[in-house]
Amino acid sequence: MSQNALARQLEMSLANIQKTEYGKAKSIPLDTLEKICLALDCEIGDLLVIVERGK
């Protein structure tokens, strides 16, 4: 699915979809993650990764 199609389906701006995809979003509400998963037929764990920070 294209970013444009996803943005339209979720009623979000293309800029917000791009920030989310490229890891530039400062936060992502859980309801938005749920909508993305429903649109892409995936689980939240498929979208998120754990990033270790320096100690």
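Remember, predicted model here, so these are calculated numbers, not experimental data. One is the number of the first residue; the rest follow in order along the sequence.
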Exercise for review: Could you state whether Leu38 and Met12 fall into the same hydrophobic cluster, counting links through intermediate Ile, Leu, Val, Met, Phe, Trp or Tyr residues with side-chain heavy atoms under 4.5 angstrom apart?
Suggested key: no
Check your understanding: Does Leu14 share a hydrophobic cluster with Leu10, counting links as ILVMFWY side-chain heavy atoms below 4.5 Å and allowing steps through other members?
Key -> no
Practice item. Give, for atom CZ of Arg8 and atom OG of Ser13, the distance between the pair rounded to the nearest 0.5 Å. Key: 13.0 Å
**Study point:** Asp41 atom CG, over 12 foreign heavy atoms within 6.0 Å
**Key:** no
Review point. Is it true that atom CG of Leu48 has more than 12 heavy atoms of other residues, nucleotides or ligands lying nearer than 6.0 Å?
Key: yes
Review point. Counting distance only, does the side-chain N/O of Thr20 pair as donor-acceptor with the main-chain N or O of Asn16 below 3.5 Å?
Key: yes
Check your understanding: Given Ile28, which of Thr32, Asp31, Leu30 fulfils the side-chain contact (heavy atoms from CB on, under 4.5 Å) condition?
Key -> Thr32
Review point. Do you know the tightest heavy-atom contact between Met1 and Ala39?
Key: CE-O, 3.9 Å
Review point. Hey, are the side chains of Ile44 and Asp46 touching, using non-hydrogen atoms and a 4.5 Å cut-off?
Key: no
